[in-house]
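To start, the structure under review is shown below, and the notes come after it.
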Amino acid sequence: QQNGPLAGKSVLVTAGPTHEPLDPVRYLANRSSGKQGYAVAAALADLGASVTLVSGPTTLRAPAGVTYVPCETACQMLACVKAAVPFDAAVCTAAVADWRPEVLAGQKIKKISRDDVPAPIRLVSNPDILAEISTPGSQRPALVVGFAAETEKVEEHATAKRQRKGCDWIVANDVSAGTGIMGGDSNQVVLITAQGSERWPHMLKEEVAQRLASRMADWFTES
Ligand code: C5P
């Protein structure tokens with residue numbers, strides 16, 4: 001049994017991108033590295049939480065002491081989350097693909113001749129894992145935290161997102177080109193709660209994670 005302010009609390013962390021296959025060798029993906037989510041998982045474990053890290057494909061090593069559940073697609077990520085509930089808290093950092101190809105070709109899609117016209121790729125919606133976790137019900141974690149990567153009007157969009165998704169807090173960041181945040185080592189975030197918004201200084205992703213984990217510990221102590 002761990003010691004620390006989150007001892008006895010179970011926390012789900014989703015992290016990384018998802019890969020949405022087109023055929024056995026091709027997929028749609030995004031530039032998420034998983035660094036922020038893995039740092040959150042490590043920080044929560046350091047405070048004594050029992051952490052389950054459900055992660056899409058990354059090049060990172062799972063932090064020591066967490067239960068690591070690898071997955072590939074958004075649908076698999078949701079299935080892994082559902083298989084592991086309930087949790088006291090959830091932090092969804094994963095950059096889940098919003099859409100997936102409607103058809104997964106059984107064999108590699110071939111270009112036979114030079115003038116073959118590429119077939120259009122039809123997309124269908126993926127489940128929204130954060131919104132599903134946030135749905136009121138007996139299985140809902142007491143505290144649900146989402147992340148929001150925005151490229152403009154960060155606070156405004158993230159505040160609307162908190163309400164739309166039904167989560168309790170949103171950690172919002174500006175990932176517009178030139179910030180170097182996506183894939184980088186540091187982050188500049190705004191924490192949005194029902195009480196309002198709070199801009200944190202520019203800091204390492206590990207420091208954002210530690211500050212978030214300790215805020216979560218305070219929340220459990222106070223509630
Ligand atoms: O809507 P948007 O993708 O910007 O929302 C970001 C938040 O929602 C993140 O916390 C992300 O992990 C979560 N999300 C999710 N499932 C999706 C899309 C987003 O859990 N399909």
Side-chain angles (χ1 to χ4, degrees), residues 11-18 20 28-41 43-44 53-56 73-75 77-78 81-82 85 87-100 123-137 139-184 186-203 205 208-209 211-213 215-216 219 223:
V11 186
L12 165 75
V13 178
T14 70
T18 62
E20 307 296 334
L28 302 180
N30 61 64
R31 295 187 190 281
S32 167
S33 64
K35 282 179 191 168
Q36 185 64 78
Y38 280 51
V40 168
L44 290 164
L53 172 61
V54 178
S55 175
T73 67
C75 291
M77 188 175 274
L78 180 62
V81 166
K82 283 186 169 167
V85 290
F87 294 99
D88 295 307
V91 185
C92 292
T93 72
V96 182
D98 290 315
W99 301 288
R100 66 179 181 276
L123 300 176
V124 292
S125 289
N126 268 333
D128 188 316
I129 297 166
L130 174 60
E132 293 223 14
I133 292 172
S134 301
T135 304
Q139 300 266 57
R140 188 193 191 280
L143 180 61
V144 182
V145 183
F147 270 65
E150 305 289 349
T151 58
E152 57 167 356
K153 299 186 190 156
V154 175
E155 287 187 45
E156 190 183 319
H157 286 169
T159 301
K161 190 166 291 179
R162 192 187 79 83
Q163 279 164 0
R164 204 168 59 239
K165 302 251 186 183
C167 59
D168 303 298
W169 300 353
I170 284 261
V171 180
N173 53 14
D174 182 349
V175 294
S176 50
T179 61
I181 284 177
M182 209 130 184
S186 61
N187 208 347
Q188 148 90 80
V189 307
V190 181
L191 175 68
I192 290 161
T193 68
Q195 280 70 48
S197 69
E198 185 186 302
R199 180 168 287 270
W200 291 0
H202 194 262
M203 50 187 152
K205 288 182 176 174
V208 171
R211 190 150 163 174
L212 178 63
R215 283 295 284 267
M216 291 174 68
W219 185 87
S223 61

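Remember, it's a predicted structure, so these values are computed and weren't measured experimentally.
Interatomic distance, NZ of K205 versus OG of S186, reported as 7.5 Å (0.5 Å rounding). Between the CD1 atom of I170 and the OG1 atom of T159 there is a distance of 8.5 Å, given to the nearest 0.5 Å. With values rounded to the nearest 0.5 angstrom, K161 atom NZ is found 12.5 Å from E156 atom CD. To the nearest 0.5 Å, atom CG of residue L123 and atom CG of residue L28 are 6.5 Å apart. Here the OG1 atom belonging to T18 is positioned 6.5 Å from the CG atom belonging to N30, to the nearest 0.5 angstrom. In this structure, OG in S134 is found 10.0 Å from CZ in R162, a value given to the nearest 0.5 Å.
Residues S32 and G16 come closest through the heavy atom pair OG-C, 3.4 Å. Across L130 and C92, no two heavy atoms sit closer than the pair CD1-SG, 3.8 Å. Nearest heavy-atom pair across V154 and A172 is CG1-CB, 3.7 Å. In plain terms, the two heavy atoms of G146 and C167 that are nearest each other are N-SG, 4.1 Å. Between V11 and M216, the shortest heavy-atom contact is CG1-CE, 4.3 Å. Contact between L53 and G37 at its shortest, heavy atoms only, is CD1-O, 4.5 Å.
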Discussion item. Let's go through S55 and Y38 carefully: what are the C-alpha distance in whole Å and the side-chain angles of both, what is the deciding distance for side-chain hydrogen bond (donor to acceptor under 3.5 Å, both in side chains) to 0.1 Å, and is it a yes or a no?
Written reply: CA-CA 9 Å; S55 175; Y38 280 51; 2.7 Å; yes

Fill in: Intermediate values then yes/no, side chain to side chain contact (heavy atoms under 4.5 Å, CB included), I133 and F87
CA-CA 10 Å; I133 292 172; F87 294 99; over 6 Å; no

Worksheet entry | Test log, rule side chain to side chain contact (heavy atoms under 4.5 Å, CB included), inputs L143 and D88 | CA-CA 7 Å; L143 180 61; D88 295 307; over 6 Å; no

Discussion item. As a quick check of understanding, evaluate side chain to side chain contact (heavy atoms under 4.5 Å, CB included) for V145 and V171, giving each step before the final call.
Written reply: CA-CA 7 Å; V145 183; V171 180; 4.0 Å; yes

Practice prompt. Check the pair V13, V54 against side chain to side chain contact (heavy atoms under 4.5 Å, CB included), reporting the backbone distance first and the verdict last.
Written response: CA-CA 6 Å; V13 178; V54 178; over 6 Å; no

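Figure legend: cation-pi geometry between R211 and W200, with NZ or CZ positioned under 6.0 Å from the six-membered ring centre and within 45° of its axis.
Using a 4.5 Å cut-off on side-chain heavy atoms (C-beta onward), L44 and V91 make contact. Side-chain atoms of W169 and I192, non-hydrogen and from C-beta on, never get closer than 4.5 Å to each other.
Partners of S197 under the side-chain hydrogen bond (donor to acceptor under 3.5 Å, both in side chains) rule, at least two apart in sequence or in another chain, are E155. Considering only residues two or more places apart in sequence or on other chains, D128 meets the salt bridge (Lys or Arg N to Asp or Glu O under 4.0 Å) condition with K165. Evaluation of the salt bridge (Lys or Arg N to Asp or Glu O under 4.0 Å) rule for R140 yields D168 as partners, not counting sequence neighbours. Annotation: salt bridge (Lys or Arg N to Asp or Glu O under 4.0 Å) contacts of K82 (sequence neighbours excluded): E132.
When only modelled atom types and interatomic distance are considered, D174 and Q188 share no side-chain donor-acceptor pair under 3.5 Å.
Counting only residues at least two apart or in different chains, salt bridge (charged side-chain N to carboxylate O under 4.0 Å, His left out) contacts with residues 188-198 comprise E198-R215.
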For residues 93-100, run the donor-acceptor check on the side chains, cut-off 3.5 Å, and write out each pair with its distance to 0.1 Å, sequence neighbours left out.
residue	atom	partner	partner atom	Å
T93	OG1	T14	O	2.5
R100	NH1	S125	O	3.0
R100	NH1	N126	OD1	2.8

